[in-house]
Amino acid sequence: MRQPLIAGNWKMNGSRSSNKALLDGIKAGIGEVKSAEVAVCAPYVYLADVEQQLSGTPIAWGAQNLSTEEKGAFTGEIAASMLLDFNCKYVIVGHSERRTLYGENDDIVTRKFAVAHSAGLKPILCVGETLEEREQGITQDVIARQMKAVMNTVGAKVLGEGVIAYEPVWAIGTGMTATPQQAQDVHAFIRQLIAEQDAAVAEQVRIQYGGSMNAGNAAELLAMEDIDGGLIGGASLKAEDFLTICRAAG
Ligand code: PEP
């Protein structure tokens, strides 16, 4: 039985005071979330506040990115060890905004996954096709390329110690959610890809859906067999919406 993971991706939003209000709201309602794991991925500069506000609660926290390097002369970068210093559990790697706006290719994403994992973080690996790729009928090719870049380098076992997030690029921040069946089809395909290398890992690895999941559509997406939670952008910025999604996950 896979424990669903609902993770908020705050992106470049928030302030010290609005984050506190958001986390106070989430903490107040977390008791009604029965079995899902809940996490928030905050901007780096707020991780100290987040750690202070969430320590001792069931809510985990993480970052949205990390450096490919361990330490040294890399101005402006943040190392995995630094995230661990703030007791981060998770770190998002390969988000489509990083891939498209900051030129992160499969090679960079793979290095980030490997560095995060060896440091003891749980990487959340994002994969997903653009609208153009879906319309060309090459969704599976794109997903297979993104998945295999990481899996063939780190191995299926290490991959399975992280989390996968299927995030169709056309659904992120657009309000255009994948239908439950569209999402389920890709999730099953991802699980099958992993099963070709390791059936046990495929069975236990969590595959989240991300892309305009909200309080209104979460339940039907989360009801699908291979959808094990959600990576939530916009709807993670409102405590009540985020909690409704968390409750829908169980
Ligand atoms: C995301 O940023 O990972 C995401 C899924 O965003 P949104 O929920 O806003 O589409």
Side-chain angles (χ1 to χ4, degrees), residues 4-14 18-19 22 26 36-44 46-47 50 60-66 88-102 104 109 112-113 116 121-131 133-134 139 142-143 146-147 150 162-180 182-184 186-187 190 206-222 224 226-249:
L5 169 63
I6 302 294
N9 173 16
W10 291 357
K11 310 196 190 196
M12 197 171 73
N13 292 299
S18 70
N19 297 344
L22 175 58
I26 298 172
E37 185 183 0
V38 175
V40 296
C41 294
Y44 293 137
Y46 297 130
L47 288 171
V50 170
W61 59 94
Q64 301 167 16
N65 186 27
L66 82 168
C88 287
K89 180 172 181 183
Y90 292 102
V91 60
I92 299 171
V93 299
H95 191 282
S96 71
E97 287 154 16
R98 303 282 331 160
R99 292 183 191 256
T100 57
L101 302 175
Y102 299 97
E104 291 193 9
V109 173
K112 290 188 172 188
F113 189 102
L121 292 159
K122 284 193 178 297
I124 299 177
L125 170 65
C126 300
V127 296
E129 81 289 358
T130 63
L131 185 57
E133 289 162 341
R134 175 162 282 265
T139 296
V142 172
I143 302 293
Q146 293 172 336
M147 287 295 303
V150 179
V163 176
I164 315 289
Y166 168 55
E167 297 211 305
V169 180
W170 47 272
I172 297 179
T174 60
M176 271 171 65
T177 319
T179 65
Q182 279 175 324
Q184 165 61 27
V186 179
H187 282 233
I190 292 170
R206 292 182 291 183
I207 308 176
Q208 299 174 297
Y209 168 79
S212 299
M213 192 188 274
N214 58 40
N217 61 27
E220 55 176 3
L221 284 158
L222 293 166
M224 302 308 282
D226 287 294
I227 299 184
D228 311 312
L231 184 55
I232 319 297
S236 72
L237 299 174
K238 290 192 191 130
E240 202 36 63
D241 288 0
F242 188 60
L243 285 166
T244 301
I245 298 170
C246 295
R247 286 191 301 265

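Ligands are counted one by one from 1 in listed order, and the atoms in each one are counted from 1 as well. Counting from 1, the numbers follow the sequence of the chain as shown.
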If you take all heavy atoms of [X] and [Y], which pair is closest and at what distance?
| X | Y | value |
| --- | --- | --- |
| L221 | P180 | CD2-CA, 3.8 Å |
| V169 | G128 | CG2-O, 3.9 Å |
| V38 | C246 | CG2-SG, 3.6 Å |
| L222 | I245 | CD1-O, 3.9 Å |

Go through ligand 1 atom by atom and flag the ones less than 4.0 Å from a non-hydrogen atom of [X].
| X | value |
| --- | --- |
| K11 | 1 (C), 2 (O), 6 (O) |
| N9 | 1 (C), 2 (O), 3 (O) |
| S212 | 7 (P), 8 (O), 10 (O) |
| L231 | 3 (O), 5 (C) |
| A171 | 10 (O) |
| G211 | 5 (C), 10 (O) |

- Message: Any atom of ligand 1 sitting under 4.0 Å from a heavy atom of G173?
- Response: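 The answer is yes: ligand 1 sits under 4.0 Å from a heavy atom of G173.
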- Message: When you measure from the heavy atoms of S236 to every atom of ligand 1, does any distance fall below 4.0 Å?
- Response: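 No heavy atom of S236 comes that close to ligand 1.
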- Message: Minimum distance, heavy atoms only, to atom 1 (C) of ligand 1: which one of H95, Q64, M213, M176 is it?
- Response: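 It is H95 that holds the nearest heavy atom.
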- Should one rank Q208, E97, E167 by closest heavy-atom distance to atom 3 (O) of ligand 1, which comes out on top?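 Considering heavy atoms of Q208, E97, E167, the nearest to atom 3 (O) of ligand 1 sits in E167.
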- May I ask you to check whether T174 has an N/O atom sitting below 3.5 Å from an N/O atom of ligand 1?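 So ligand 1 has no N or O lying under 3.5 Å from an N or O of T174.
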- Task: Distance to 0.1 Å, residue and atom name: give those for the protein heavy atom nearest to atom 8 (O) of ligand 1.
- Result: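 Atom 8 (O) of ligand 1 sits closest to the protein heavy atom G233 N, 2.8 Å.
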- So which heavy atom in the protein is nearest atom 9 (O) of ligand 1, and how far is it from that ligand atom?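 Answer for atom 9 (O) of ligand 1: G234 N, 2.9 Å.
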- To the nearest 0.5 Å, tell me how far D228 CG sits from L5 CG.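 Rounded to the nearest 0.5 Å, the CG-CG separation comes to 9.5 Å.
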- Item | Spatial distance of atom CH2 (W10) from atom CD1 (I232) [nearest 0.5 Å] |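 Those atoms lie 14.0 Å apart.
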- Test Y209 against Q182 for side chain to side chain donor-acceptor pair (under 3.5 Å), laying out the working first. CA-CA 11 Å; Y209 168 79; Q182 279 175 324; over 6 Å; no
- Set of ring pair (Phe, Tyr, Trp, His ring centres under 6.0 Å) partners for H187, sequence neighbours left out: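 With sequence neighbours excluded, H187 shows a ring pair (Phe, Tyr, Trp, His ring centres under 6.0 Å) to Y166, given in chain and number order.
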- Heavy-atom distances under 4.0 Å are what count here, so tell me which part of I172 touches ligand 1: side chain, backbone, both or neither.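 Both backbone and side chain of I172 come within 4.0 Å of ligand 1.
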- Task: Using a strict cut-off of less than 4.0 Å between a Lys/Arg side-chain nitrogen and an Asp/Glu carboxylate oxygen, indicate whether E129 and R134 qualify as a salt bridge.
- Result: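 Salt bridge present between E129 and R134.
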